[in-house]
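The structure under discussion appears below in the form of structure tokens.
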Amino acid sequence: MDSTLEAAAVVPGTVLIPVRFVWKHGGNSVYLSGSFTQWSQLVPMLPVEGCDNVFQTVYGLMPGYHQYKFYVDGQWRYDESQPYVPGEYGVVNTVLLATDYMDVDNEAFRRMARVTDGPPPEVVPSVSEADLQASRQRISVFLSTHTVYELLPESGKVFALDVDLPVKQAFHMLHEQGIPMAPLCDFGRGQFVGILSALDFILILRELGSHASNLTEEELETHTISAWKEGKAYLNRQNDVHGRAFPRRLIHAGPYDNLKDVALKILQNEVATVPIIHSSSEDGSFPQLLHLASLSGILKCICRYFRHNASSLPILQLPICTIPVGTWAPKIGESNLRPLATLRPTQVSSIPIVDDNDSLLDIYCRSDITALAKDRAYTHINLDEMTIHQALQLGQDSYSPYELRSQRCQMCLRSDSVHKVMERLANPGVRRLVIVEAGSKRVEGIVSLSDVFKFLLG
């Protein structure tokens, strides 16, 4: 179990010390009570926006010794990870607030309260190199012995686009269906030949904005996907120092390929999805598109398999901040040597959007660029001048406020276990989690599906 108790800095001379109590293991209704309320009052604890199972409240305490408990869904509970003692009201948590916390500089955001009358402060757990390698080996064996067939849903639908479709119409369809990409089929040849993604739309918009471009807005009305892909291959040939064209071949898999091979294909080719294609003919003719395999689907299989056997994977119980996975702000989590980048709402790019206090406001992903296809918005904007705030407003009509919070801004805490992070990333449509500080939602890092798989298969 895991909760925290923190004392905030106060202006010198005040009597009470604001203390923030945080309960991190869920419930429908959570309250706080203690010696500071004579055990006669229940103080409501409110859920932290965007962080499942986390509740908090701030209560002013006099310096000195206090006892407290949590009232969760009609039952009294205490936090086993914090100092506790048996008392008149059963086992209770304890805290001792020293008066010197009234003398700290008010600009210091918070300091940890002193604790006493209980076990020593919790030590951050770690895992040995042997346990780490054993966990990776078990996951590797699992993925190598299970096939893509297990990813196929009992029912569902997949979209494919005809290469002779105009690119303008294709991006309208992607936006209307709420999908970031779709496989391409050349019906004349009877083959799947590629993927149309948000990156293509970005490149097309850049081409339209280029003074040297041969592509006009009028031509975009009739410019086919096939013609765009050929032009893209020509541009690639121009950029190749050896003068060779390198159009990317379609990365695909079959239903009986093992999950490890598919995961490695996604990572090594830096793609978001791999079409699962099957043909009953020996020559591969008349292929069927069965599914679009992604890392989230593979991760869901891992979580489902090890959910009731978590002890065989010691790394699953570690806090996410203790392992070298993801991208972190300095001095918060284990760094993977990549700096965390964030944006103010008036800047131009595509990453987490924060306010002046570095608290998460929204997130702008590459796939969000397809919102510019709506009402031909791309015809009257300049990518070099358009701000993230303006781009987010273009897509607001497509999302309800609840969707903006619960789907777009998927969050976790640095104290969340690796297992919990994996289960959230296994949800459909979730490709990354923004790691935030409980309460303030200050951005502390990002962990993505590819980060997790690179760590697990490393």
Side-chain angles (χ1 to χ4, degrees), residues 146-201 224-226 228-229 250-259 261-263 265-266 269 271-281 284-304 365-374 395 397-400 402-403 406-408 410 424-432 449:
H146 289 73
T147 66
V148 174
Y149 192 81
E150 298 179 41
L151 299 179
L152 304 185
E154 293 183 2
S155 63
K157 58 183 179 180
V158 287
F159 290 90
L161 299 174
D162 188 337
V163 292
D164 292 327
L165 196 68
V167 289
K168 174 192 170 184
Q169 187 176 345
F171 285 117
H172 273 288
M173 292 177 65
L174 291 182
H175 176 67
E176 290 170 359
Q177 295 296 329
I179 53 178
M181 63 192 68
L184 300 175
C185 183
D186 187 332
F187 288 99
R189 295 162 54 192
Q191 292 181 350
F192 290 96
V193 294
I195 295 281
L196 188 73
S197 70
L199 178 59
D200 288 294
F201 194 29
T224 65
I225 298 173
S226 178
W228 159 248
K229 289 294 186 179
L250 175 64
I251 309 299
H252 67 281
Y256 302 109
D257 292 353
N258 70 64
L259 294 178
D261 287 345
V262 175
K265 277 186 178 181
I266 293 174
N269 292 281
V271 294
T273 188
V274 168
I276 306 303
I277 298 173
H278 176 67
S279 174
S280 56
S281 304
S285 58
F286 304 105
Q288 291 180 296
L289 177 63
L290 303 179
H291 186 59
L292 296 179
S294 65
L295 292 179
S296 63
I298 299 174
L299 190 60
K300 188 172 184 177
C301 287
I302 295 175
C303 292
R304 185 169 56 238
C365 308
R366 186 164 60 186
S367 58
D368 290 328
I369 199 74
T370 57
L372 297 180
K374 183 180 180 182
D397 293 340
S398 302
Y399 301 96
S400 69
Y402 174 79
E403 287 176 320
S406 65
Q407 295 181 19
R408 291 180 56 78
Q410 292 288 333
R424 288 189 182 177
L425 284 171
N427 291 326
V430 178
R431 295 185 60 186
R432 64 192 64 78
L449 279 164

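Just so we're clear, the structure is a prediction, and the values are computed from it rather than from any experiment. Atoms considered below: every heavy atom in the structure, side chains included; atoms not considered: hydrogens, waters and symmetry mates. We number each residue from 1, following the sequence as shown.
- Taking the side chain as every heavy atom from C-beta outward, Pro287 and Phe192 approach each other to under 4.5 Å.
- Between Tyr256 and His278, the ring planes are perpendicular. Angles over 60° get that label, and only those under 30° would be called parallel.
- Here the CD-CG distance, from Gln169 to Asp162, works out to 10.0 Å after rounding to the nearest 0.5 Å.
- Between His252 and Ile277 the shortest heavy-atom distance is CB-CD1, 4.0 Å.
- For the atom pair Ile225 CD1 and Leu165 CG, the distance stands at 5.0 Å (nearest 0.5 Å).
- Residues Arg432 and Gln410 come closest through the heavy atom pair O-CB, 3.9 Å.
- Under the rule for a side chain to side chain donor-acceptor pair (under 3.5 Å), Asp164 has no partner lying at least two apart in sequence or in another chain.
- The two atoms that bring Thr273 and Met181 nearest to each other are CG2-SD, 3.1 Å, heavy atoms only.
- Here OG of Ser279 is found 8.0 Å from CD of Gln288. Values are rounded to the nearest 0.5 Å.
- A donor-acceptor contact closer than 3.5 angstrom links the side chains of Ser294 and Ser296.
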Exercise. Please lay out, stage by stage, how Phe159 and Leu174 fare under the test side chain to side chain contact (heavy atoms under 4.5 Å, CB included).
Key: CA-CA 9 Å; Phe159 290 90; Leu174 291 182; over 6 Å; no
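- For the atom pair CG of Leu299 and CG of Asn427, the computed distance is 9.5 Å after rounding to the nearest 0.5 Å.
- Asn258 places a side-chain N or O within 3.5 Å of a backbone atom of Asp261 that can act as its donor or acceptor partner.
- The shortest side-chain heavy-atom distance between Val163 and Lys229 does not fall under the 4.5 Å cut-off.
- Counting all heavy atoms, side chain and backbone alike, Leu259 lies closest to Ile298 at O-CD1, 3.9 Å.
- Between atom CD1 of residue Ile251 and atom CG of residue Asn269 there is a gap of 4.0 Å, rounded to the nearest 0.5 Å.
- In this structure, the side chains of Phe201 and Val167 stay at 4.5 Å or more apart for every pair of heavy atoms.
- Of all the heavy atoms in Ile276 and Pro255, the pair that sits closest is CG2-N, 3.8 Å.
- Pairing each heavy atom of Leu161 with each of Met173, the nearest pair is CD2-CE, 4.0 Å.
- Side-chain contact between Ile195 and Leu250 is present, with heavy atoms from C-beta onward closer than 4.5 Å.
- Panel note: side chain Asp186, backbone Arg189; a donor-acceptor pair is recorded below 3.5 Å.
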Quiz prompt | His291/Leu151 under side chain to side chain contact (heavy atoms under 4.5 Å, CB included): CA gap, chis, key distance, verdict | solution = CA-CA 8 Å; His291 186 59; Leu151 299 179; 4.2 Å; yes
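- His146 is linked by a ring-ring contact (aromatic ring centres under 6.0 Å, His included) to Phe142, Tyr305, counting only residues two or more places apart in sequence or in another chain.
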